[in-house]
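Model, not experiment: these values are computed from the prediction. Convention: sequence-line order gives letters A, B, ...; per-chain numbering from 1.
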2 protein chains.
Amino acid sequence: MHTQTHQARTKTYHHGDLHNSLILKGLEMLNDRGLSAISLREIARNIGVGHNAPYRHFKNKQQLLEAIASMGFRRLKAYNLRLELEYANDPETQLFESAMHLINMANDEPNLFNLMFGGNVSLFDCGDELKKESQASMQSFIKILSQGQKQDVFNQDNLICQTLATMSLIYGFAMMTSSGMLQEIPKTPDQMRGFTLQVFDILLTGLKKT
Amino acid sequence: MHTQTHQARTKTYHHGDLHNSLILKGLEMLNDRGLSAISLREIARNIGVGHNAPYRHFKNKQQLLEAIASMGFRRLKAYNLRLELEYANDPETQLFESAMHLINMANDEPNLFNLMFGGNVSLFDCGDELKKESQASMQSFIKILSQGQKQDVFNQDNLICQTLATMSLIYGFAMMTSSGMLQEIPKTPDQMRGFTLQVFDILLTGLKKT
DNA sequence: TGTATATGTGGACGCTGTCCACATGACTCA
DNA sequence: TGAGTCATGTGGACAGCGTCCACATATACA
């Protein structure tokens with residue numbers, strides 16, 4: 001069901017692609033039931049494999065969660081890469097669409113978003129894979145803002161500070177709209193987009209005026 | 001140890017202030033070991049009470065976590081109230097010091113911060129107490145910004161959008177500095193303050209220029 | 001072809017959250 | 001003061017969990 005390679009195989013003693021199946025089924029169950037409701041054993045059960053099989057692919061439960069989070073970061077990176085090509089000379093649009101995508105993700109897959117950014121996997125004490133992927137996020141923002149500075153779309157203030165302000169606002173806004181901290185936020189995608197645009201405008205003013 | 005009332009009591013069958021002791025010991029252990037490492041039973045054990053006693057005060061583990069988060073929000077509110085008095089006619093300073101306080105909290109007590117904002121307690125599906133406290137946060141920002149508009153310190157744009165932009169930036173920055181997503185961030189309080197000031201300036205520009 | 005290695009299995013252990021029946025002590029009111 | 005009620009404590013039980021171990025099976029490579 002999850003991957004073609006898996007489905008194509010006949011039922012054998014060996015699963016064939018358990019590593020990826022665990023990540024995908026884990027993500028599916030994470031989105032459905034939330035972090036506190038999923039267990040390694042149930043994921044294994046849902047895949048149809050013994051409760052110890054996952055330990056051949058992940059040292060422990062935490063490492064599977066890290067792998068799921070890594071996949072989330074990789075998805076973000078892939079989307080940002082598309083934006084980079086689609087709006088090659090328009091850093092402002094790149095920034096906004098990237099923000100919009102993160103906000104949509106926070107609202108469509110809040111449990112994945114919280115896993116990635118809510119401290120449930122430590123970005124300090126985690127495997128190299130997740131470390132690399134999470135820090136690549138920042139690089140992509142630096143890249144966009146740097147391009148914006150070169151094109152004089154943004155002012156020439158400290159690049160790192162601009163990056164931090166931008167990411168902070170985007171991640172914070174995503175968190176707030178998905179966390180339930182706000183009562184009055186409109187819920188249709190169009191309204192959300194309009195709202196985000198207004199909030200984003202305040203940041204842009206700060207990035208532009210010198 | 002936790003409260004005077006508790007310490008003053010002689011050892012009896014009844015504890016005397018178990019409700020508050022659970023919250024305080026729970027917070028202490030949360031800060032020490034992290035969310036995933038604490039259990040109701042161990043908290044009870046540390047207090048010196050049977051493993052079922054907590055159920056007389058909280059319906060389940062989740063409700064104790066909610067109570068701990070509520071206390072976190074109440075602390076923020078108390079601090080903001082002090083700022084409101086100390087800098088009565090200076091909304092800009094109120095805003096910055098409030099931000100600085102949240103950032104310090106995110107770095108000093110990251111596990112509490114993550115409990116409050118990381119989706120580990122749902123702000124949708126939680127008790128009235130936590131709902132009230134979490135939404136009061138937003139009210140205090142609205143208040144500051146509204147005052148700023150009246151005093152012409154900030155421009156007259158949509159108040160809610162200004163509030164959202166402000167809170168998003170602050171919460172997002174707090175999250176980023178405490179999560180390990182950043183590698184290069186200076187760690188001493190002074191450096192952190194200087195850094196925050198620069199990032200904050202970008203927001204302020206957006207709030208001021210019309 | 002035979003054997004090392006990767007990947008699967010089931011059993012065991014201690015811990016957990018939660019339910020239950022029961023014990024104890026504090027408070028109320030005759 | 002004394003009886004009874006209610007809030008608050010106790011220990012036992014249970015299923016589910018993460019993880020460790022020894023063992024089984026399939027694959028890859030000599």
Heavy atoms from other residues, nucleotides or ligands near NZ of B/Lys131 exceed 12 (cutoff 6.0 Å):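 More than 12 heavy atoms, drawn from other residues, nucleotides or ligands, come within 6.0 Å of this atom.
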
Out of D/dG9, C/dG17, D/dA22, whichever nucleotide has its closest atom nearest the side chain of B/His57: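 Nearest listed nucleotide: D/dG9.
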
B/Lys61 side-chain proximity, nearest of D/dG9, C/dG8, C/dT18: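 Ranking D/dG9, C/dG8, C/dT18 by closest atom to the B/Lys61 side chain puts C/dT18 first.
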
Rounded to the Å, how far apart are [X] [atom1] and [N] [atom2]?
X: B/Ile47; N: D/dT10; atom1: CD1; atom2: C1'; answer: 16 Å
X: B/Tyr55; N: C/dT16; atom1: OH; atom2: C1'; answer: 9 Å
X: B/Leu22; N: D/dG9; atom1: CG; atom2: C1'; answer: 12 Å
X: A/Leu64; N: D/dC17; atom1: CG; atom2: P; answer: 14 Å
X: B/Lys59; N: C/dT18; atom1: NZ; atom2: P; answer: 9 Å
X: B/Leu40; N: C/dC19; atom1: CG; atom2: C1'; answer: 14 Å
X: B/Ile43; N: C/dT18; atom1: CD1; atom2: P; answer: 12 Å
X: A/Arg33; N: D/dC17; atom1: CZ; atom2: P; answer: 10 Å

From B/Asn60 atom CG to B/Leu40 atom CG, the distance as rounded to the nearest 0.5 Å: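 Nearest 0.5 Å value for the CG-CG distance: 8.0 Å.
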
Check: D/dG11 base within 3.5 Å donor-acceptor of B/Asn52 side chain: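 Looking at the base of D/dG11, it does pair with a donor or acceptor on the side chain of B/Asn52 (distance under 3.5 Å).
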
Distance-only donor-acceptor test (3.5 Å): side chain A/His51, base C/dG8: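 Answer no: no donor N or O sits under 3.5 Å from an acceptor.
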
DNA chain C: 5'-proximal contact among A/Arg41 and A/Val49 (nearest heavy atom):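 Of the two residues, A/Val49 wins.
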
Whichever of B/Ile38 and B/Arg56 has its nearest DNA chain C nucleotide further upstream toward 5':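 Looking at DNA chain C, the more 5' nearest nucleotide goes with B/Ile38.
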
Between A/Asp125 and A/Ser122: side-chain donor-acceptor atoms closer than 3.5 Å: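 Looking only at side-chain atoms, A/Ser122 and A/Asp125 do not form any donor-acceptor pair under 3.5 Å.
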
Any side-chain heavy-atom pair of B/Asn114 and B/Met175 under 4.5 Å: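 SC-SC contact between B/Asn114 and B/Met175 ruled out.
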
Counting only side-chain N and O atoms of [X], is one of them less than 4.0 Å from OP1 or OP2 of [N]?
X: A/His15; N: D/dA26; result: no
X: A/Arg45; N: D/dC17; result: yes
X: A/Ser39; N: D/dC17; result: yes

Ring centres under 6.0 angstrom apart (A/Phe117, B/Phe117):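 Centroid separation for A/Phe117 and B/Phe117: 6.0 Å or greater.
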
